[in-house]
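Below, chains carry the letters A, B, ... as their sequence lines are ordered, and counting in each starts from 1.
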Protein chains: 2
Amino acid sequence: MANIQQVAKQAGVSVATVSRVLNGQNTVSAKTKMRVEEAIKKLNYEPSLLGRNLRTSESRLLLILIPTISNPFYLEIIKGIEQVAISQNYNILLCETDSNPQKENIYFDLVRKKMADGIITMDPAVNVETLKKLAENYAVIQCSEYEECTGIPYVTIDNEEASYRAVKHLIQIGHHKIALMNADEKYLFARLRKMGYKRALEENGITLKNEYIISTSNLGFENGQYAMKKILNLQDRPTAVFAVSDLLAIGALKEINIAGLHVPNDIAVVGFDKIDFSNMTNPTLTTIAQPMRKMGNVAARMLIEKIKGEEVESIILDHELVIRESTSR
Amino acid sequence: MANIQQVAKQAGVSVATVSRVLNGQNTVSAKTKMRVEEAIKKLNYEPSLLGRNLRTSESRLLLILIPTISNPFYLEIIKGIEQVAISQNYNILLCETDSNPQKENIYFDLVRKKMADGIITMDPAVNVETLKKLAENYAVIQCSEYEECTGIPYVTIDNEEASYRAVKHLIQIGHHKIALMNADEKYLFARLRKMGYKRALEENGITLKNEYIISTSNLGFENGQYAMKKILNLQDRPTAVFAVSDLLAIGALKEINIAGLHVPNDIAVVGFDKIDFSNMTNPTLTTIAQPMRKMGNVAARMLIEKIKGEEVESIILDHELVIRESTSR
DNA sequence: ATGAAAGCGCTAACAG
DNA sequence: CTGTTAGCGCTTTCAT
């Protein structure tokens with residue numbers, strides 16, 4: 001494994017010249033450049049990023065923290081991040097945290113110890129204090145899920161308004177008895193979506209029934225099934241369900257099906273996220289579309305600005321209600 | 001951001017002593033150690049891995065290449081890799097390649113340029129020549145999917161035998177007309193699973209019908225639906241389908257359901273991988289279980305040995321046929 | 001257009 | 001037990 005010195009020797013030039021060729025500086029004569037390139041090829045030389053990074057004190061590596069890779073919601077966001085990152089000559093690396101603060105800290109450490117230039121976190125279960133402290137000295141952006149009080153810039157949608165619109169849609173097509181299948185309220189988005197749900201009910205003179213609000217520990221398919229079972233057992237059964245994730249909603253769909261009921265005739269269902277799969281269910285799922293690709297784009301841009309030391313403002317992106325079969329009569 | 005020199009100065013010792021404390025060497029007196037630790041805390045010092053890695057010429061970073069994070073099949077393997085990696089003081093980073101050789105090359109470059117110590121690839125669509133060349137100078141292990149001819153160590157299961165057993169099971173419960181829903185035969189596992197399928201038919205005197213073999217470009221849900229549509233349109237309709245991935249099989253399940261047919265009474269279905277979801281379908285899916293966690297463990301162990309410069313042998317792990325509702329009468 | 005040399009932050013061999 | 005020092009591989013300033 002050759003190093004820059006050996007290349008210089010082989011080409012009969014100084015290491016400075018090799019470095020210039022490596023970095024595409026045009027202050028090198030064509031002839032010299034050729035010689036250097038030949039030497040590089042001959043020695044099968046690969047410049048070590050460790051040397052370069054130590055010297056320039058940057059790694060051009062971006063870390064993306066996600067709770068789990070098994071939720072398709074993150075797919076498109078990651079693509080969005082990647083798009084911008086690559087165009088700016090950064091590489092991205094995925095870090096699965098399982099919402100485990102210890103694991104998270106491993107990746108934080110990579111930033112603290114200069115192996116990565118910044119972090120985009122999509123993990124809502126983060127250790128807030130640690131994250132906050134990290135952000136004091138390093139580049140951190142929150143994407144989709146966030147903690148307001150940390151002062152860390154975030155990109156997200158208006159969760160309260162999105163939820164409000166979803167529920168309002170159900171009311172407009174005639175529903176009064178609407179269940180909310182929510183995530184644990186330790187998450188900000190869960191609290192916000194509950195607020196939107198309440199506002200829609202209030203505005204339409206519908207009294208809130210606490211037994212219509214079900215919390216799930218997790219946003220997965222199985223949780224949706226489980227929660228739907230509970231809802232179906234209510235004495236005064238709701239005629240509509242708003243689930244705060246598509247996976248939850250799909251679980252609900254299955255459970256309703258098993259119970260021999262029909263969607264949307266017996267029970268209407270609305271999801272959240274517009275994952276690809278939400279269009280492949282039977283019936284297809286009405287859902288809130290988050291601009292995931294754009295969210296990724298924006299998050300990456302914000303992070304790179306932050307790395308450059310610029311001031312960064314949080315951004316709220318638009319969302320959209322996508323009406324499909326699960327709420328059509 | 002303090003460096004080791006400033007810590008040394010603050011503590012009134014040499015950088016060597018600070019380094020010793022950092023690396024937990026017990027050749028430092030308790031008193032000195034205390035002083036150093038205080039200085040570290042006071043200056044909020046974080047040792048730079050760039051310096052250390054340059055010096056030790058290792059990064060203790062392992063790269064895991066996966067085609068896409070959206071296939072749950074990889075989840076458990078990754079957990080297995082992580083388990084071993086962490087125990088040996090390595091960190092793992094996920095790299096999504098989208099089976100795109102260019103993207104792949106970005107991550108290969110990270111290894112070539114010393115930012116990572118090795119790679120476990122689960123990407124079957126790899127550029128074979130590039131991979132082979134990479135493995136000549138760097139630590140590379142193939143996991144699950146592999147190319148025999150590269151000479152790169154791999155851990156996998158006996159795909160031919162697994163397929164043979166799946167098809168034999170279908171024959172044993174009375175099926176003669178068995179379709180194979182296969183991946184593109186550019187993949188070794190697809191060729192091997194086809195061989196197993198053929199062997200089972202031959203051994204039981206069943207003539208192979210070419211129209212019973214459907215190739216899909218991809219292992220996803222939608223491909224399964226699409227392929228099943230084709231199969232249902234065959235004039236002499238099969239009574240059983242062996243799909244080489246659970247996602248394909250689940251797509252098939254849905255399509256059969258849409259056609260108003262019943263699984264397993266009208267058509268039996270066998271999948272492959274035993275992803276979590278395969279137990280949540282209706283009916284639950286008979287499938288081949290790969291020892292995914294173990295596969296991850298083994299892959300990580302092999303890679304770390306390889307990094308240490310040891311010789312590494314390829315390994316074939318056991319698999320298991322899990323019989324569930326989709327083939328029960 | 002090119003080279004000499006300093007230095008990024010760290011570890012480890014050697015000396016004491 | 002601790003300090004001095006060389007050097008990992010690179011970039012970049014300053015000369016020439």
Side-chain angles (χ1 to χ4, degrees), chain A residues 1-37 39-40 43-61 89 109-117 137-138, chain B residues 1-37 39-40 43-61 89 109-117 137-138:
Chain A
M1 229 109 307
N3 62 21
I4 199 172
Q5 310 240 30
Q6 292 161 19
V7 174
K9 196 172 169 188
Q10 169 75 31
V13 298
S14 73
V15 291
T17 301
V18 178
S19 175
R20 287 185 188 108
V21 173
L22 251 26
N23 294 289
Q25 278 168 278
N26 46 11
T27 63
V28 182
S29 78
K31 215 172 16 176
T32 316
K33 193 176 162 193
M34 275 255 310
R35 283 227 309 284
V36 171
E37 276 161 355
I40 289 174
L43 297 178
N44 202 11
Y45 167 68
E46 293 283 354
S48 158
L49 287 180
L50 290 176
R52 169 181 301 173
N53 292 347
L54 176 58
R55 178 59 217 236
T56 59
S57 48
E58 64 171 13
S59 66
R60 302 206 83 81
L61 247 35
N89 210 18
D109 249 1
L110 254 25
V111 176
R112 293 193 195 102
K113 297 184 193 301
K114 318 284 189 302
M115 283 291 281
D117 289 346
N137 295 304
Y138 305 91
Chain B
M1 230 111 303
N3 62 21
I4 199 172
Q5 309 240 30
Q6 291 161 17
V7 174
K9 195 170 168 191
Q10 169 75 31
V13 298
S14 74
V15 291
T17 300
V18 178
S19 176
R20 286 184 189 108
V21 173
L22 251 26
N23 294 289
Q25 279 167 278
N26 46 11
T27 64
V28 183
S29 78
K31 215 172 16 176
T32 317
K33 193 174 163 196
M34 275 255 309
R35 282 226 310 284
V36 171
E37 275 161 355
I40 288 175
L43 297 178
N44 203 10
Y45 167 70
E46 293 283 352
S48 159
L49 288 180
L50 290 175
R52 170 182 301 173
N53 292 346
L54 176 59
R55 177 59 217 239
T56 59
S57 49
E58 63 170 14
S59 67
R60 302 206 83 82
L61 247 35
N89 210 16
D109 250 2
L110 254 25
V111 176
R112 293 193 195 101
K113 297 185 193 299
K114 319 284 189 303
M115 282 292 280
D117 289 346
N137 295 304
Y138 305 91

So what does B:Val18 touch, heavy atoms closer than 4.0 Å: a base, only the sugar-phosphate, or nothing? nothing
Phosphate OP1/OP2 of C:dT2: any A:Ser29 side-chain N/O under 4.0 Å: yes
Give the rounded distance in Å between these two atoms: CD of B:Glu46 and P of C:dC10. 10 Å
Which heavy-atom pair separates A:Glu46 from B:Asp109 by the least distance, and what is that distance? OE1-OD1, 4.3 Å
What does A:Leu54 touch in the nucleic acid at a heavy-atom separation under 4.0 angstrom: a base, only the sugar-phosphate, or nothing? base
On DNA chain D, compare the nucleotides closest to B:Asn26 and A:Ile4; which residue's is nearer the 5' end? B:Asn26
Using whole Å, what does the distance between atom P of nucleotide C:dA5 and atom CD of A:Gln5 come to? 13 Å
Over how many whole Å does the gap from B:Arg60 atom CZ to C:dT11 atom P extend? 13 Å
Is the phosphate of C:dT2, meaning OP1 or OP2, less than 4.0 Å from a side-chain N or O of A:Thr32? yes
Do the side-chain N or O atoms of B:Ser14 get closer than 4.0 angstrom to the phosphate oxygens (OP1, OP2) of D:dG3? yes
What's the CG-P distance between B:Asn53 and D:dG9, to the nearest Å? 13 Å
Starting at the 5' end of DNA chain C and moving along, which residue's nearest nucleotide shows up first, A:Thr27 or A:Val15? A:Thr27
Please report the closest heavy-atom contact between B:Val28 and B:Lys33, naming both atoms and the distance. CG1-N, 3.8 Å
Which atoms form the tightest heavy-atom contact between B:Val7 and B:Tyr45, and what is the distance? CG2-CG, 3.5 Å
It should be established whether A:Thr17 places a side-chain nitrogen or oxygen under 4.0 Å from OP1 or OP2 of nucleotide C:dG3. yes
When you measure from the side-chain N and O atoms of A:Asn3 to the phosphate of D:dC8, is any distance below 4.0 Å, counting only OP1 and OP2? no
Within the structure, does a side-chain N or O atom of A:Arg52 lie under 4.0 Å from either OP1 or OP2 of D:dT11? yes
Could you tell me how far apart B:Lys31 (NZ) and D:dT2 (C1') are, to the nearest whole angstrom? 13 Å
Looking only at N and O atoms, is any donor in the side chain of A:Arg55 or the base of C:dG9 less than 3.5 Å from an acceptor on the other one? no
Just wondering, are more than 12 heavy atoms of other shown residues or ligands nearer than 6.0 Å to NZ in A:Lys113? yes
Atom NZ of B:Lys113 and atom C1' of D:dG9: how far apart are they, to the nearest Å? 13 Å
If I compare all heavy atoms of B:Arg112 with all of B:Tyr138, which pair ends up nearest, and what's the gap? O-OH, 3.4 Å
Please determine if a side-chain N or O atom of A:Ser19 lies less than 4.0 Å away from the OP1 or OP2 oxygen of D:dT11. yes
Whole angstroms only, please: what is the NZ-P distance between B:Lys33 and D:dT2? 12 Å
Candidate nucleotides C:dT11, D:dT11, C:dA4, ranked by approach to the side chain of A:Arg20 - the nearest: C:dA4
Nearest-Å distance for atom pair CD/C1', residues B:Gln25 and C:dA12: 8 Å
CD of A:Glu37 to OG1 of A:Thr32, rounded to nearest 0.5 Å, is 11.0 Å
Considering only C:dA1, D:dG3, C:dC8, which nucleotide approaches the side chain of B:Ala16 most closely? D:dG3
